[in-house]
Every structure is written in C-alpha cells, then in structure tokens.
Undergrad: 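Can you keep this structure in mind? I'll have questions shortly.
If you're wondering where the values come from, they're calculated on a predicted model, not measured in any experiment.
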Amino acid sequence: MLQVKNVTFGYSKTKVLKAIDFNVEAGENLAIIGESGSGKSTLLKLIYGEYDLKQGLIFWKDEEILGPKYNLVVGYDFMKYVTQEFDLMPVITVEENIGKHLSRFYPEEKQKRTEELIKVVELEAFANTKVKFLSGGQKQRVAIARALAKEPEILLLDEPFSHIDNFQKQGLRRNVFNYLKSKHIACIVATHDRNDVLGFADEMIVLSEAEIIAKDTPQNLYKNPKQPLIASFFGEFNVIEPYGIVYANQIQIVDDSDLKAVVETSYFNGSSWLIEADYKSESIFIEHNLELKKDAEIQFSISS
Ligand code: ADP
Ligand code: MG
C-alpha cells in the first residue's frame with residue numbers, strides 16, 4: 001500500500017500542496033483530478049521521490065520514499081513514472097526503447113515481454129521505427145510501454161493520453177488500464193480528462209487550492225458533487241435554487257410544469273443536443289434529443 005501522510009510542499013514560500021493524506025492499495029487505480037496548476041504533477045513527483053519533503057511522509061509498503069537529499073539516484077525499482085515529457089531515447093527504435101532496461105541475458109524473455117507491451121499500446125507497425133520519427137502521441141505510448149517493461153508494483157501516469165488522438169484514445173485506455181488490473185499494478189493517474197477516470201478509477205481525489213477537497217468513487221462523486229468544481233469535471237451542469245447542482249441530463253422538457261424557460265441556442269452534441277435557455281434571467285443548460293428553435297417557450301422538470 002502507498003501511504004501519503006500529511007504532505008505539505010511548495011517550490012517557494014507559496015504552498016502548492018497542503019496536508020495531503022491518502023492511501024492507495026496494491027492493484028488499485030486512483031485518479032487525481034484538478035484544474036491546471038492545482039498541483040497534480042507536483043504530487044506525482046513527490047511520490048516518485050523527485051523532491052525532498054518539507055513536511056510529511058510517503059511510504060510504499062514498509063519503504064519510505066526519500067528525495068534527492070537521501071538518494072543519489074532518484075526513483076525506486078518498484079515504481080515507474082511516465083512524465084508529461086516522456087524522456088525517450090530518440091535515435092533507437094520503439095522496441096529498443098521499451099526493452100532498454102530488460103536484461104539482455106534473457107533474450108527470449110526480453111523479446112516476448114517487449115512484443116506483449118507493443119501490443120498493449122498498439123504500436124506493432126512501429127516496432128522498428130526510431131523514436132525521433134514518431135508523433136507526440138506515439139511517443140507517449142512508447143513511454144507507457146517502457147514504464148511497464150519491468151512490471152512495477154505502482155505506476156504514476158501524468159496525463160497519459162493527452163497527446164493521443166480521439167480515434168485511438170478510448171481503445172488505448174481500455175488496453176492499458178485492463179493490463180494494469182490484470183497484473184495487479186497500482187496506478188495513480190493525474191488528469192483533467194474525465195474519460196481517463198470514468199470506467200477505470202476505483203477512487204478519485206479532487207485537488208483544489210492546494211488541498212484535497214473530495215475523495216470517493218467516481219460514481220459517488222458524480223451522484224453527489226458537493227461543489228461546482230466537482231460537477232464540472234463530469235459534464236455540463238447548472239446551479240438552480242432550491243435544487244442545487246443539477247446536471248444538464250437531469251432536466252427534462254415536459255408538457256406542463258411550473259418551471260418555464262425560453263430557448264436561446266441549441267448546440268449539437270453528437271447523441272443529443274445541449275439547449276441553452278433563459279430561466280429567471282440566467283442561462284441554464286438542458287440535454288435534449290432534438291434541436292429547439294430560438295425563443296421557443298419550454299417547460300421543464302428536474303429529476304434526481
Ligand atoms: P498541475 O500538474 O496540476 O497542472 P503542477 O504541479 O505542475 O500542477 O503545478 C502546481 C503549481 O506549482 C503551479 O503554480 C506551478 O506553476 C508551480 N510549479 C510547478 N513546477 C514548478 C517548479 N519546478 N518550480 C516552481 N514552481 C513550480
Ligand atoms: Mg501537470
């Protein structure tokens with residue numbers, strides 16, 4: 001189990017993280033979400049041992065994670081970290097990058113492992129391509145495969161699919177996260193993309209103003225978002241008194257209701273339309289299966 005105990009940290013006097021406290025079980029998938037600049041990458045770096053802690057402790061099982069003041073070489077064998085920059089070797093191939101730290105004394109083992117990982121990240125066609133010729137998204141996939149080569153016990157992923165296009169993202173997410181589960185590798189994913197979280201994370205932490213403002217399963221936080229910031233992560237929402245936070249898909253247009261609004265704009269959204277309407281001089285957003293004409297008068301109800 002990873003234990004982060006009362007960690008406070010800042011690069012200067014300003015605190016980037018305050019009294020951060022949480023655990024991650026072996027094999028668990030934990031998502032850390034928060035706006036840009038909320039400290040997600042900093043937290044991953046601290047867990048990796050990249051900086052000395054000013055206050056607090058971090059443990060993986062019985063081993064204390066120590067920073068550069070105590071560790072000549074940053075990092076531990078049981079933990080891998082895929083940064084937002086990837087740090088690959090540009091002039092050697094995809095296959096060589098992935099297998100780089102595997103023992104050359106077991107060539108068959110090495111070959112098998114490399115091939116397995118190339119499949120997970122769907123780079124079969126590029127196995128023998130030099131990394132410098134790859135796109136950003138392809139490099140990101142090599143970095144993930146390389147981090148898995150020696151089968152760590154815990155993997156830190158910093159916005160792991162940010163450079164990968166939408167055509168491939170969802171399939172790749174399923175491959176990678178299912179692979180981690182099957183190997184019982186714990187992972188911490190820093191992200192601002194709900195698709196990295198929904199369907200995969202066992203728990204999620206919400207960082208805001210240097211603190212953890214919520215920690216629960218994605219389902220529970222979705223159903224009961226205590227703050228607008230949390231609701232905004234999941235989708236379009238409104239704050240309507242006395243109901244509180246209401247997602248756009250919790251509003252139905254009905255024939256007869258005391259709640260009345262006037263349509264302003266309809267946005268095409270793929271499987272539905274997002275209707276912006278004026279309710280008591282404020283914009284509200286409603287998910288609806290049809291486009292509605294501007295100035296149409298509508299009545300709506302709210303479901304829980
Ligand atoms: P996130 O990953 O959530 O976008 P970061 O952890 O990168 O957030 O950054 C958190 C805060 O720390 C930001 O205000 C950022 O400017 C600052 N910061 C990040 N890295 C450094 C650094 N190496 N030196 C000084 N300040 C930093
Ligand atoms: Mg970051």
Undergrad: Is it true that a side-chain atom of Asn71 and a backbone atom of Gly67 form a donor plus acceptor pair closer than 3.5 Å?
TA: no

Undergrad: Check Glu116 with Arg113, please: is the shortest side-chain N to carboxylate O separation under 4.0 Å?
TA: yes

Undergrad: Rounded to the nearest 0.5 Å, how far apart are CD of Glu236 and OH of Tyr247?
TA: 11.5 Å

Undergrad: Identify whether the distance between the nearest side-chain nitrogen and carboxylate oxygen of Lys181 and Asp202 falls below 4.0 Å.
TA: yes

Undergrad: For Arg173, is there an ion pair with Asp196 - N to carboxylate O distance below 4.0 angstrom?
TA: yes

Undergrad: How about Lys112: does its NZ atom have over 12 heavy atoms from other parts shown lying under 6.0 Å from it?
TA: no

Undergrad: Are there over 12 heavy-atom neighbours, none belonging to Gln3, within less than 6.0 Å of that residue's CD?
TA: yes

Undergrad: How about Trp273 and Phe268: are their ring centroids closer than 6.0 Å?
TA: yes

Undergrad: Start with the C-alpha gap between Thr42 and Tyr11, add the side-chain angles, then the distance that decides, and say whether side-chain hydrogen bond (donor to acceptor under 3.5 Å, both in side chains) holds.
TA: CA-CA 9 Å; Thr42 302; Tyr11 295 95; 2.8 Å; yes

Undergrad: Does the ring pair (Phe, Tyr, Trp, His ring centres under 6.0 Å) test come out yes or no for Phe133 and Phe126, once each step is laid out?
TA: CA-CA 10 Å; Phe133 298 122; Phe126 298 90; over 10 Å; no

Undergrad: In terms of side-chain geometry, is the basic nitrogen of Glu297 or Lys260 positioned less than 4.0 Å from the acidic oxygen of its partner?
TA: no

Undergrad: Verify the neighbour count for atom CD of Glu209: are there more than 12 heavy atoms of other residues, nucleotides or ligands below 6.0 Å?
TA: no

Undergrad: So does Lys226 have more than 12 non-hydrogen atoms from other groups sitting under 6.0 Å from NZ?
TA: no

